[in-house]
**Q** 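Below is one structure. I have some questions about it.
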Amino acid sequence: MKLKAKILAVAACAIALTVALTGCGGGGNSADNAANFQGNWVLSSGNVDGQEVTPEVMDEAAKLGMSIYMQFNEDGSCVLNVLGSEMQGTWEAKDATTVSFTFEGSTEQAKLEGDELVMSYGDDNMHFKRGDIPTAASETEQGAEQEATPEA
């Protein structure tokens, strides 16, 4: 039950951040800066409402088909997926370490810190790492069943 509460807290934070924050404009964009952000970013850890969300919690959630990820595409489009609910948007590299993205009219910013893309709001933060988009729980279970069942 604790895992479910943490996952729901992270999802609520992701949705709230997407809708509530307003990013600042400025700076130009170059292909070099954009390359820093293109690809898939999967939520790996964070701190929401004083509760730490560890990489282990996110790994377990992914095994259950519950994940939060962002995709930044080369054409400037992006996708935010929160536990299977997808939102389409746009993104732009503000500089080599800052990306701005807009979903449903609300703009966010995140910063590269080492190999993580970090969104912060007050004491809350969400850390995304580059990675493959997790498969759904049903696909994972079907794959495990097929591997466990020997063919005659």
Side-chain angles (χ1 to χ4, degrees), residues 3-140 142-143:
L3 172 64
K4 185 176 180 182
K6 286 182 181 183
I7 298 301
L8 290 175
V10 170
C13 180
I15 293 167
L17 283 171
T18 301
V19 174
L21 293 177
T22 304
C24 302
N29 184 13
S30 75
D32 290 341
N33 291 341
N36 292 339
F37 303 102
Q38 288 175 7
N40 301 325
W41 294 88
V42 180
L43 184 66
S44 59
S45 64
N47 191 323
V48 180
D49 292 330
Q51 289 189 335
E52 182 180 9
V53 179
T54 65
E56 293 80 19
V57 168
M58 293 312 301
D59 287 345
E60 288 300 316
K63 289 177 186 174
L64 298 172
M66 298 185 296
S67 61
I68 298 171
Y69 63 85
M70 292 188 287
Q71 293 175 294
F72 294 110
N73 302 313
E74 189 174 347
D75 66 359
S77 67
C78 58
V79 174
L80 171 65
N81 186 301
V82 179
L83 305 176
S85 179
E86 246 181 37
M87 292 193 299
Q88 304 291 321
T90 59
W91 73 278
E92 175 184 16
K94 294 297 183 180
D95 57 40
T97 60
T98 307
V99 64
S100 175
F101 43 94
T102 303
F103 295 100
E104 298 180 355
S106 295
T107 302
E108 300 276 343
Q109 286 194 3
K111 290 195 125 334
L112 278 177
E113 295 180 8
D115 66 346
E116 295 183 322
L117 186 62
V118 180
M119 293 174 48
S120 296
Y121 182 71
D123 292 335
D124 295 340
N125 58 68
M126 298 172 69
H127 296 250
F128 293 81
K129 287 196 171 196
R130 285 189 188 272
D132 294 327
I133 297 170
T135 57
S138 61
E139 292 172 0
T140 303
Q142 288 174 358

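The model shown is predicted, which means the values in this text are computed figures rather than measured ones. All heavy atoms count here, side chains included; hydrogens, waters and symmetry mates do not.
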**Q** Answer whether the closest heavy-atom distance between the side chains of W41 and F72 falls below 4.5 Å.
**A** yes

**Q** Between D115 and R130, is there a salt bridge with N-O shorter than 4.0 Å?
**A** no

**Q** Find the distance between NZ (K94) and OG (S100) and round it off to the nearest 0.5 Å.
**A** 4.5 Å

**Q** Stepwise, does the side chain to side chain donor-acceptor pair (under 3.5 Å) test hold for T107 with T102?
**A** CA-CA 4 Å; T107 302; T102 303; 2.9 Å; yes

**Q** So, taking the atom named NZ in K129 and the one named OG in S45, what distance separates them when rounded to the nearest 0.5 Å?
**A** 7.5 Å

**Q** May I have the step-by-step check of side-chain contact (heavy atoms from CB on, under 4.5 Å) for M126 and L43, ending in yes or no?
**A** CA-CA 7 Å; M126 298 172 69; L43 184 66; 3.7 Å; yes

**Q** How far does CD of Q109 sit from CZ of F101, to the nearest 0.5 angstrom?
**A** 8.5 Å

**Q** Sequence neighbours excluded, which residues qualify as side chain to side chain donor-acceptor pair (under 3.5 Å) partners of N73?
**A** S77

**Q** Check the pair D59, V57 against side-chain contact (heavy atoms from CB on, under 4.5 Å), reporting the backbone distance first and the verdict last.
**A** CA-CA 5 Å; D59 287 345; V57 168; over 6 Å; no

**Q** How would you list, by chain and number, every residue that makes a side chain to side chain donor-acceptor pair (under 3.5 Å) with E86, sequence neighbours excluded?
**A** Q88

**Q** Report yes if the side chains of M58 and E60 come closer than 4.5 Å at any heavy-atom pair, otherwise no.
**A** no

**Q** side-chain contact (heavy atoms from CB on, under 4.5 Å), that's the test. Do E116 and S44 meet it? Break it down for me.
**A** CA-CA 9 Å; E116 295 183 322; S44 59; 4.0 Å; yes

**Q** Is a side-chain N or O of N81 found less than 3.5 angstrom from the main chain of I68, in a donor-acceptor match?
**A** no

**Q** List the atom of A34, the atom of W91, and the distance in Å for their closest heavy-atom pair.
**A** O-CH2, 3.4 Å

**Q** To the nearest 0.5 angstrom, please state how far the NE2 atom of H127 sits from the CG atom of N47.
**A** 8.0 Å

**Q** Give the intermediate values and the outcome of side-chain contact (heavy atoms from CB on, under 4.5 Å) for residues L83 and S85.
**A** CA-CA 6 Å; L83 305 176; S85 179; over 6 Å; no

**Q** Could you tell me if the side chain of D49 sits less than 4.5 Å from the side chain of D124, heavy atoms only?
**A** yes

**Q** Do other residues, nucleotides or ligands put more than 12 heavy atoms under 6.0 Å from the CG atom of D75?
**A** yes

**Q** For the side chain of N125 and the backbone of G46, is there at least one donor-acceptor N/O pair under 3.5 Å apart?
**A** no

**Q** Residues in side chain to side chain donor-acceptor pair (under 3.5 Å) with Q38, at least two apart?
**A** none

**Q** Within the structure provided, determine whether F37 and L112 are in side-chain contact (heavy-atom separation under 4.5 Å).
**A** yes

**Q** With side chain to side chain donor-acceptor pair (under 3.5 Å) as the criterion, how do T98 and K111 come out once you've worked through the C-alpha distance, each side chain's angles and the decisive distance to 0.1 Å?
**A** CA-CA 5 Å; T98 307; K111 290 195 125 334; 2.6 Å; yes

**Q** Could you check N40, I133, L117 and say which one makes a side chain to side chain contact (heavy atoms under 4.5 Å, CB included) with M70?
**A** L117

